[in-house]
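Please read all numbers here as calculations on a predicted model, not as lab measurements. Values below: all heavy atoms of this structure, side chains included; hydrogens, waters and symmetry mates excluded. The sequence lines fix the lettering, A, B, ..., with proteins before strands; numbering per chain opens at 1.
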Amino acid sequence: MAEEKLEAALDEKEESLSETGVHQFMTFKSGSECYGIELKYVNEIMGIQPITEIPEVEDYIKGLINLRGKIVPVIDVRIRFKQAPFEYNDRTCIIIVDVKNTVIGLIVETIADVVTIKDEDIEPPPALSSGKLKNKYVYGLGKTGDSVKLLLDPEKLIKDEDLQVLDEVVDEEG
Amino acid sequence: MGDELDSMLDMYLYENGQLLEQLEMTTLEKKDEDSFDEEDINLFFRVMHTIKGSSGIMMFDDIMKLSHKLEDVFFYIRESHPDNVPHLELVEKILAVSDFLREEFENIKDGGEPTKSSAGLIKDIDKFLGKLKNEILEEDKELPEAPKDEGPTQFYIGAAGGEHFKYYHIIAYYRNDTQMSNIHAYALANSLKEITEEMYYSPEDIITNEASGDVILEQGFKILIKTNLELEDVKAALGGFDVESTDVSQCSKDEFEAGFDVPAPIVGSDTIDLGEGDKEVKEEKKEEAEVKPGDYVIESKSAGKKATLAKNKKPKAPATSYISVNVNKIDQLMDLIGEIVIAESVVLQNPDLNVPGLNLTNFNKSAAQLTKFVSEMQDVIMSMRMMTLTNTFQKMNRIVFDTSRKVGKDIEFKMIGENTEVDKNIIEHISDPLMHMIRNSIDHGIEEKADRKAAGKPEKGVITLEAKNEGGKVLISVSDDGGGMNPEKLFAKAKKNGIVPRDKTISDYTNKEIYQFITSPGFSTKEKVTELSGRGVGMDVVMQNIQSVGGMLEIDSEFGKGSTMTLKIPLTLAIISGILLKVGEQKFVIETGSVKEFINVRGSSIIKEPDGEEYLNVRGQYYSVVRLSEKYHIKNSAKNIEDGIMILTENESQKLCIFVDKLLGGQEIVVKPIPEYIKKVEGLSGCTQLGDGSIALILDIGTLATQ
């Protein structure tokens, strides 16, 4: 049921973008928290697929999947968040996101819903916790009803922190 | 921006880009000669005229003005044949204009507007033109007028410009029994087109409508032309073509513009298929030498002048017809054929076929045929992606020209094998490396003139760019006859920069290994950093670029005699034949070409060093062994050497044994890159999709062995 709603939301995402001050988020559960990723980044959602592992890469990169002839890398969001790994089952989903033309699959425990959050309901994460590693992916806390979603910055999510440092060094030199 | 405008812009950029390329190519081809020949001048004129016209439509004023100015120069040269054209200066001017235009086109392509002002260049060219004209004036020759700017909308270029146009009304009558008079009429019109500025004829559908022949027989073939020819000349031009009689009368401009009932403007083009009539036209043209387009200009305007201005004229290669296709479509086709190859193997090796007792005779026959067609199709599609290196080589020619002038060295550039074909994707990747290599050769390789003289070499340095096919690879080499590299100096420098460990001495390395140091990042022995090279970036960039297409760089040099750098690149990246193998649950592919032998090993032929390194004894030869399961930490794989199989591979004369669990079979595979998101893994060059939809990783023996 949630899936149907998602499909519909994905179809309509173009139109919904035109409204200002309102953002749609796809939410999923990872561990005990509920995370949100802005719908504009989401291409599609699929069940878990056979994954071809790639040796000698970061542990959160689980490997490659074959998405209708396109080869797409997938990352495990739990491991990305430095949480304990989980067993994949038939509720496990892969969210295919497109971040600046990089297409990547996010493996999440279960997807929840599409929610609409207004700008004024989004708050930056409290400054106190900003030193913590995990919060660099979270750019805001979104309030919907009585629950809070951790809103993810997909660019930071898929980018490797080491790579980022490297990029900056290169940028400075160049 | 609307779609229509976008596509117009695309077309504009594409067409003019091509013209510009043609212009530059011809210019560079002739840069070492004394002058351009007449054909070239005509070509330049046409190119500039077209660019001017289309830029006018697109409202790119500066481009229009500039191309107009250069067109003036060519017009002048064509019409007056000045004797003392400073050739090199003209080449420079052409290249300057072409650079300017190219830059502006790039700007426009990136979605911007042409921003630069061409005023400076125009002034330059004006000065140049003035100089040309003065020289002529001194010789008391008549100056033709610059062509009138016909306005940007007109693309048709007559063979001659000039201000004083006359208008003629022509009626050509044919004998009543003339067969296919419409074709004759077309031939006539076609030949007139060469000598007119503008032309209309009636009936206008002479090619498509055979019935028009009857109209021509009955009423004559009516033509209106605008030209700067005299009446006699027009009459002369009408001779032949099986015309019985002609009626030529001069008319006023207004009459001309009024035209027939439905005037049909002729746009200069020779693309209309004449079918059989075409032959006739050609035959008739032979007889009618005076109306051939090339001769006309010479004979009528400057009788007594020799026709060819340059010394040697190359025979023209027969033209092949091309259509330009969007690269995306070719890529799509490429992907599709890849999928078909995969689908084919899924069907032909379908487990459903393994039912005992099934009669598959007919199926197998059809299957064999399918396989044949699919592989043929694959070959054709692959060849579609293949391009000759001609353009790349021409670009290099340009770079040699510019660079050698900048550094003040006299250089002869030789190109060999520019017709070698390489996959388009690869061409894109080697252009930059080649440029670096050539600049290096000019800047570092070739010595200063004085040094060359001292070394007993001719002052003019020679750089040779050569391409050839060799065993599924393309070798592109850049060699110079310059100073060569000094291994001792290189070694000292490498040591200073920390590229070599301190405890190593020069005797630990072969010369070739030492030459390879120059590809290390931050390595430059040139004391002086110049604009062109010497910052130490360059060769490592070259290396990266080449490696990204699976290529290699080989450097050879002889101190005092020159250096040769050879790029070895694969012909194509897209489809390779591979051997599928399995380690644990993981599937890998090895390129068939690099596999020498499969060996079932007995434990006794393995030698193990204390540090874990293993060697395999094959008929008395020892090879080092890589266990994929250990290298990539793959679980559930064969540990015992007798449970798996050893693959002896060879890459660039380097032999390596790879230990795997089992072989799954040979297969044509479509190479896909590992998504960029994943950092490069040592020993893997790509991935591929298998018949069952799963993904296999492609092993790169070259980097697998480097550890």
[X], part contacting chain B, at a heavy-atom distance under 4.5 Å:
| X | value |
| --- | --- |
| A/Ile65 | backbone |
| A/Ile61 | side chain |
| A/Pro73 | both |

Could you look at B/Leu684 and say if it's the side chain, the backbone, both or neither that has a heavy atom under 4.5 Å from chain A? side chain
Under 4.5 Å heavy-atom distance to chain A, tell me which part of B/Leu697 shows up: side chain, backbone, both or neither. side chain
Step through the shown structure and confirm whether more than 12 heavy atoms of other residues, nucleotides or ligands are within 6.0 Å of [atom1] on [X].
| X | atom1 | value |
| --- | --- | --- |
| B/Asp611 | CG | yes |
| B/Lys639 | NZ | yes |
| B/Glu676 | CD | no |
| B/Glu428 | CD | yes |
| B/Asn326 | CG | yes |

Closer than 3.5 angstrom, by distance alone: can the side chain of B/Gln586 be matched with the main-chain N or O of A/Glu53 as a donor-acceptor pair? yes
Minimum heavy-atom distance between B/His633 and A/Glu56, given as atom pair plus value: ND1-OE2, 3.0 Å
Could you go through the side-chain contact (heavy atoms from CB on, under 4.5 Å) check for A/Leu64 and B/Cys687 one step at a time? CA-CA 9 Å; A/Leu64 305 170; B/Cys687 54; 4.1 Å; yes
Given A/Val57, A/Thr102, A/Ile54, A/Ile51, the one with more heavy-atom pairs under 4.5 angstrom with chain B than any other is A/Ile54
Distance col, row B/Ser694:OG vs A/Asn66:CG, nearest 0.5 angstrom, shows 8.5 Å
Dump the intermediate steps for side-chain contact (heavy atoms from CB on, under 4.5 Å) on A/Ile71 and B/Ile674, then the final yes or no. CA-CA 8 Å; A/Ile71 289 169; B/Ile674 294 176; over 6 Å; no
